[in-house]
Amino acid sequence: MVNLVVSSLLTAALIGCGVASPVAERPSTAAAAGASCCKALADVLGSKIASKCSPGYTNSIQSYWAKQETQLSPSCVLLATSADDVSQALRVLVPSSCKFAVRGGGHGPIAGIANIQDGVTIDLSALREITPNGDKTLVSLGPGLNWASVYKKLDALGVSVPGGRDGPVGVGGSTTGGGFGYFAAKAGFTAENVAAYQVVLANGSITTASSQENRDLWMSLKGGSSNFGIVTRFTVRTFPLGQIWGGDSYYPVSSLNAHIKALYDFTAEPDYDVDAGYFLNYAYTASSGPVITNRVAYAKPVVNPPAFRGITSVPGQLQNTTTILSLAEFSNQALLKTPAGYQQLTWSVTFNNNVDMLKDLWNAFNSSISTIKGVYNATWSLTLEPLVPKIASQTKAKGGNVLGLDDIPSEGLILCLLSATWVSANDSPRMNVASDMLLSSIIRIAKSRGVYHRYVDMNHAIKSQDPIDGFGPTNAAFLRQTANRFDPNRVFQTLMPGGFKL
Ligand SMILES: Cc1cc2nc3c(=O)[nH]c(=O)nc-3n(C[C@H](O)[C@H](O)[C@H](O)COP(=O)(O)OP(=O)(O)OC[C@H]3O[C@@H](n4cnc5c(N)ncnc54)[C@H](O)[C@@H]3O)c2cc1C
Ligand SMILES: *[C@@H]1O[C@H](CO)[C@@H](O)[C@H](O)[C@H]1NC(C)=O
Ligand SMILES: *[C@@H]1O[C@H](CO)[C@@H](O)[C@H](O)[C@H]1NC(C)=O
Ligand SMILES: *[C@@H]1O[C@H](CO)[C@@H](O)[C@H](O)[C@H]1NC(C)=O
Ligand SMILES: *[C@@H]1O[C@H](CO)[C@@H](O)[C@H](O)[C@H]1NC(C)=O
């Protein structure tokens, strides 16, 4: 009992709830504006508006994945249960110029991407429908779902969708930002499989965007994120999928050059097997030191298929977890590896598949370890993901997207992602400096080798990156034109600061 009281007081203190401050403070202008927006919302939406420090509010704020997102205190949270709630909210918020944030699965690793200090957070996490159509070729998904629940439901039906890899990642953010997983070569990015979006526009109207209806909006949502509206339902194409084969393998750093060759060959393979997904990690943890790990996933229950032989034959393997299992089980293994409640940072950079670049990349990574050494329980890793020409074929076959990856060179591209995790906010300045230094040195090396590619994966971009610029000038101009038509007052750029903006 005593512990419960203490922990709820601590919780309250963390999110600025309840505990009276010794000096009464006058609310800031932003806090006063937020409070008045919340009051106006509550008049319309009643108990769906969770006021500061109510149980609904606290649950919502504490369930973000990244620690830094849990430390913002909005003036209230809309616990939306329908598109209509979102529509009514925008009809109140927009005319009064109220600032707001939109939360899908809450997995974004940037403070303020899906939450807001002294504004209104529109929490879509109760929108969790999973409704297949009669012949299971399409499934309607709510933006508040995470991939583990989607895969679980669809596994039982013998179908799947090309979503994110890790089970806890949300459908809303990952799909509007592109969405790249194991089966991109087989089925494409998540976004290009969206046959129809239900979207709430800035003026509160609920509309549909598909190849037939509002085609420009449909195309723009395929990677253009929250710049046009709030998506309340995705109708996604499925593909047949039964059990898969996959797992992680661990190696000493002495096997580095063999892995670089294996990654190069796998990515450049002219007869690429579209059932095969793979990535390589250059990884460091305080407890393991530098290590090489990789993950394979095969869209059929076949142990060690030929597509992976160049990878699985690298000598020196310490351990592996490969097995035949369902995609839901596979996606849930990530829960253990990436638990909630830590400081998080990711960024993304892309370059041509090139052995010398991959070697230089190791050297840059290995030198960067000294910049984070000693940070309590830090993990620091680069994930190298093949972007193969077969992905571009999928993009084309499914009607395109706005990512600017229509022409992938025959040897392929490498999408390189940093993932950094640590415990204490006191270490954040040091981790941020280390991460910026590593990113700029990788960009410098890639440019000097002539292998730099402008694409930045929005789903892993850091705040200072500009993924929309990375889509290329034609796509960026097209997105601006669409936004101008559907949101002429730039509501989603001015009143909604979180996310990557036009
Ligand atoms: C460990 C880890 C693994 C990951 N694995 C993958 C992966 O395999 N593939 C991949 O593509 N990405 C992956 N990601 C990145 C992930 O896709 C992004 O972080 C994504 O933004 C998370 O979506 P969310 O809905 O959970 O996030 P949120 O934090 O809720 O939202 C992220 C952004 O999207 C906006 N948004 C969310 N829902 C909507 C909506 N319905 N309408 C309009 N805007 C919306 C939010 O406003 C916010 O700006 C991974 C991230 C991590 C940390
Ligand atoms: C995984 O490890 C087992 C046991 O050591 C080994 O027999 C198997 O070949 C390994 N599989 C792969 C794909 O590396
Ligand atoms: C990594 O860096 C350390 C320290 O600078 C160095 O001793 C080691 O040889 C490097 N390892 C590799 C494989 O490059
Ligand atoms: C730090 O790492 C150690 C060793 O891996 C682990 O036992 C401990 O729980 C970690 N602490 C936190 C706060 O993550
Ligand atoms: C809302 O905006 C859309 C896109 O600009 C427009 O087509 C529609 O007529 C507007 N609806 C209302 C009720 O103003």
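By convention here, the first residue in the shown sequence is residue 1. All values below were derived from every heavy atom in this structure, side-chain atoms included, with hydrogens, water molecules and symmetry-related copies excluded. Atoms within each ligand, like the ligands themselves, are counted from 1 in listed order.
- Note: no N/O pair closer than 3.5 Å links Val169 and ligand 1 by distance alone.
- The protein heavy-atom contact nearest to atom 14 (O) of ligand 2 is Gln317 NE2, 2.9 Å.
- Taking only nitrogen or oxygen atoms, main chain and side chain alike, Phe234 does not reach within less than 3.5 Å of ligand 1.
- Under a 4.0 angstrom heavy-atom cut-off, Gly144 registers as lying outside contact with ligand 1.
- The shortest N or O to N or O distance between Val231 and ligand 1 is under 3.5 Å.
- Distance check on atom 7 (O) of ligand 2: every protein heavy atom falls at or beyond the 4.0 Å cut-off.
- Scanning the protein for heavy atoms near atom 12 (N) of ligand 1, the closest one is His460 CE1, 3.5 Å.
- At the top of the distance list for atom 13 (C) of ligand 2, counting protein heavy atoms only, stands Thr312 CG2, 3.6 Å.
- Residue-to-ligand polar distances place Trp362 within reach of ligand 3: an N/O pair is separated by less than 3.5 Å.
- The proximity of Ser174 to ligand 1, defined as any non-hydrogen pair under 4.0 Å, involves the side chain as well as the backbone.
- Here Trp65 has side-chain heavy atoms under 4.0 Å from ligand 1, and that is the only part of it that gets that close.
- Scanning all protein heavy atoms for the shortest distance to atom 46 (C) of ligand 1 gives Val102 O, 3.1 Å.
- Considering backbone and side-chain N/O atoms, Arg103 never comes within less than 3.5 Å of an N/O atom of ligand 1.
- The contact set between ligand 3 and Val253, taken as ligand atoms under 4.0 Å from a residue heavy atom, comprises 13 (C).
- Shortest contact from atom 24 (P) of ligand 1 to any protein heavy atom: Gly105 N, 3.5 Å.
- For atom 44 (N) of ligand 1, the closest non-hydrogen atom on the protein side is Ser226 CB, 3.5 Å.
- Aromatic ring pairs are classed by plane angle as parallel below 30°, tilted from 30° to 60° and perpendicular above 60°; the pair Tyr182 and Phe279 is parallel.
- Of the polar atoms of Arg165, at least one N or O is found under 3.5 Å from an N or O of ligand 1, judged by distance alone.
- Looking only at heavy atoms of the protein, atom 2 (O) of ligand 2 is closest to Asn320 ND2, 2.2 Å.
- Proximity of Gly106 to ligand 1 is established by a heavy-atom distance of less than 4.0 Å.
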message = Quick one, Val171 with Asn146, criterion side-chain contact (heavy atoms from CB on, under 4.5 Å). Give me CA distance, side-chain angles, the key distance, then yes/no.
response = CA-CA 6 Å; Val171 168; Asn146 66 29; over 6 Å; no
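- Of the protein's heavy atoms, Asn366 ND2, 1.4 Å lies nearest to atom 1 (C) of ligand 3.
- For atom 9 (N) of ligand 1, the nearest non-hydrogen atom of the protein is Phe180 O, 2.6 Å.
- Using a 4.0 Å heavy-atom cutoff, Thr338 is listed among the residues neighbouring ligand 1.
- Contact record, Ser174 with Gly170: OG-O, 2.6 Å, taken as the closest heavy-atom pair.
- Ring geometry for Trp245 against Phe308 counts as tilted: the plane angle lies between 30° and 60°, on a 0 to 90° scale.
- Not a single heavy atom of Trp147 sits less than 4.0 Å from an atom of ligand 1.
- Where the criterion is an N or O separation shorter than 3.5 Å, residue side chain and backbone included, Val171 fails it with respect to ligand 1.
- Residue-ligand proximity: Gln344 is placed with every non-hydrogen atom at 4.0 Å or more from ligand 1.
- At least one heavy atom of Gly179 sits closer than 4.0 Å to an atom of ligand 1.
- Among the atoms of Pro109, none of the N or O lies under 3.5 angstrom from an N or O of ligand 1.
- Nearest to atom 34 (O) of ligand 1 by heavy-atom distance, out of Gly224, Pro497, Gly173, is Gly173.
- Annotation for Phe330 and Val296: closest pair CZ-O, 3.6 Å, computed over non-hydrogen atoms.
- Taking every heavy atom of both residues into account, His460 and Arg165 meet most closely at CE1-NH2, 4.5 Å.
- Regarding atom 31 (O) of ligand 1, its nearest protein heavy-atom neighbour is Ala114 CB, 3.9 Å.
- Atoms of ligand 2 found under 4.0 Å from any heavy atom of Trp245, numbered from 1 in the order shown, are 13 (C).
- Looking at atom 49 (O) of ligand 1, its nearest protein heavy atom turns out to be Ile113 O, 3.0 Å.
- When hydrogens are left out, the protein atom nearest atom 15 (C) of ligand 1 is Asn459 O, 3.2 Å; that is the closest non-hydrogen contact.
- Between Phe365 and Tyr282, the ring planes are tilted. Angles from 30° to 60° get that label.
- Contact annotation: for Met496 versus ligand 1, heavy atoms closer than 4.0 Å belong to the side chain alone.
- At a distance under 4.0 Å, a protein heavy atom can be found next to atom 11 (N) of ligand 3.
- Residue Leu124 places no N or O, backbone or side chain, under 3.5 Å from any N or O of ligand 1.
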